[in-house]
Amino acid sequence: QVQLVESGGGLVQTGGSLTLSCAGSGQSFGNTVMGWFRQAPGQEREFVAAINWNGGNTNYADSVKGRVTISRDNAKNTMYLQMNSLKPEDTAVYYCAAQPPYRNTYYDTRSETYIHWGQGTQVTVSS
């Protein structure tokens, strides 16, 4: 059974930092594009960042560019999202996701490109 499990969310003050993790199981994700999305209450799920299979290519939403770093450790089947200078508007449930294997579409921000999803982790930034 393929699973993605996020962790690392929590409550942080404006300007603070958090690192989210996404641990994969049930298959190796070493040959897949992986990404992070987020969904705030009453809003649609939106793209945050994506990374190709070996970490050599990344893509970020304009809203987080310069404040967020996506990375991965294929040996651990795990992906990370380092978030700095957090703002209240970053408050959302953050989801990790994986595309089908052997694609390099890290630039595709559409959620329908991804076939495996985690259950989400809450990030709350207080003002």
Side-chain angles (χ1 to χ4, degrees):
Q1 181 182 359
V2 175
Q3 271 193 317
L4 294 172
V5 179
E6 303 94 337
S7 61
L11 174 64
V12 64
Q13 292 185 336
T14 297
S17 298
L18 279 176
T19 298
L20 307 183
S21 299
C22 172
S25 63
Q27 73 172 55
S28 170
F29 289 95
N31 54 12
T32 68
V33 169
M34 299 188 73
W36 288 95
F37 289 75
R38 67 186 182 185
Q39 188 168 19
Q43 298 186 22
E44 294 187 353
R45 188 172 299 187
E46 65 173 359
F47 171 80
V48 176
I51 187 168
N52 78 325
W53 72 274
N54 66 354
N57 293 101
T58 57
N59 185 30
Y60 296 96
D62 288 342
S63 59
V64 303
K65 199 171 293 183
R67 302 187 295 119
V68 163
T69 302
I70 188 172
S71 62
R72 66 190 299 163
D73 184 341
N74 288 340
K76 296 181 179 179
N77 223 23
T78 300
M79 176 180 64
Y80 305 95
L81 189 70
Q82 170 71 43
M83 302 188 293
N84 300 317
S85 302
L86 284 164
K87 306 174 182 180
E89 50 264 44
D90 294 317
T91 295
V93 177
Y94 284 70
Y95 299 90
C96 69
Q99 293 188 6
Y102 305 114
R103 294 186 181 181
N104 198 34
T105 46
Y106 62 93
Y107 46 83
D108 192 336
T109 63
R110 298 173 299 163
S111 61
E112 54 263 39
T113 305
Y114 293 78
I115 61 170
H116 299 298
W117 291 84
Q119 82 290 347
T121 186
Q122 176 71 46
V123 172
T124 302
V125 184
S126 63
S127 56

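Residues: numbered from 1 along the sequence shown. As a basis for the values below, the full set of heavy atoms in this structure was taken, side chains included, without hydrogen atoms, waters or symmetry mates.
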Using salt bridge (Lys or Arg N to Asp or Glu O under 4.0 Å) as the criterion, list what pairs up with R67, not counting sequence neighbours. D90
Under the ring-ring contact (aromatic ring centres under 6.0 Å, His included) rule, collect the residues that match up with F47, sequence neighbours excluded. F37
Just how far is it from atom CE of M34 to atom OG1 of T78, taken to the nearest 0.5 Å? 8.5 Å
Return the minimal non-hydrogen interatomic distance between L86 and V12, and the atom names on each side. CD1-CG1, 3.6 Å
Which pairs pass salt bridge (Lys or Arg N to Asp or Glu O under 4.0 Å) with one or both residues in residues 109-118, sequence neighbours excluded? D108-R110
Short side-chain to backbone donor-acceptor contact, N52 and N57, under 3.5 Å: yes
For the pair N74 (side chain) and W53 (backbone), establish whether a donor and an acceptor sit closer than 3.5 Å, ignoring hydrogens and angles. yes
Less than 4.5 Å apart, side chain to side chain, heavy atoms only: is that true for N77 and S28? yes
Set of side-chain contact (heavy atoms from CB on, under 4.5 Å) partners for T14, sequence neighbours left out: P88, V125, S127
Output for pair (I51 CD1, N59 CG), nearest 0.5 Å, gives 11.0 Å
For residues Q119 and V5, determine if any side-chain heavy atom of one lies less than 4.5 Å from a side-chain heavy atom of the other. yes
Using every non-hydrogen atom in the two residues, find where W36 and Y80 come nearest and quote the distance to one decimal. NE1-O, 3.4 Å
L11 side chain near S126 side chain, heavy-atom distance below 4.5 Å: yes
Taking atom CZ of R45 and atom CH2 of W117, what is their separation to the nearest 0.5 Å? 5.0 Å
Rounding to 0.5 Å, atoms CD (E6) and CE (M79) come to a distance of 8.0 Å
Here the pair of heavy atoms bringing P101 nearest to T32 is CA-CG2, 3.7 Å
Across all chains, not counting sequence neighbours, the salt bridge (Lys or Arg N to Asp or Glu O under 4.0 Å) partners of E46 are R38
Looking only at heavy atoms, the pair that brings L4 and A98 closest together is CD1-N, 3.8 Å
Which value, rounded to the nearest 0.5 Å, describes the distance between Y107 atom OH and T113 atom OG1? 9.5 Å
Return a table of donor-acceptor pairs under 3.5 angstrom between the side chains of residues 15-24 and protein atoms on other chains or two or more places apart.
unit_1, atom_1, unit_2, atom_2, d
S17, OG, N84, OD1, 2.9
T19, OG1, Q82, OE1, 2.4

Would you give the length of the straight line joining atom OH of Y60 to atom CD1 of I70, rounded to the nearest 0.5 angstrom? 6.5 Å
R72 side chain vs F29 backbone, donor-acceptor pair below 3.5 Å: yes
V48 side chain reached by Y95 side chain, heavy atoms, under 4.5 Å: no
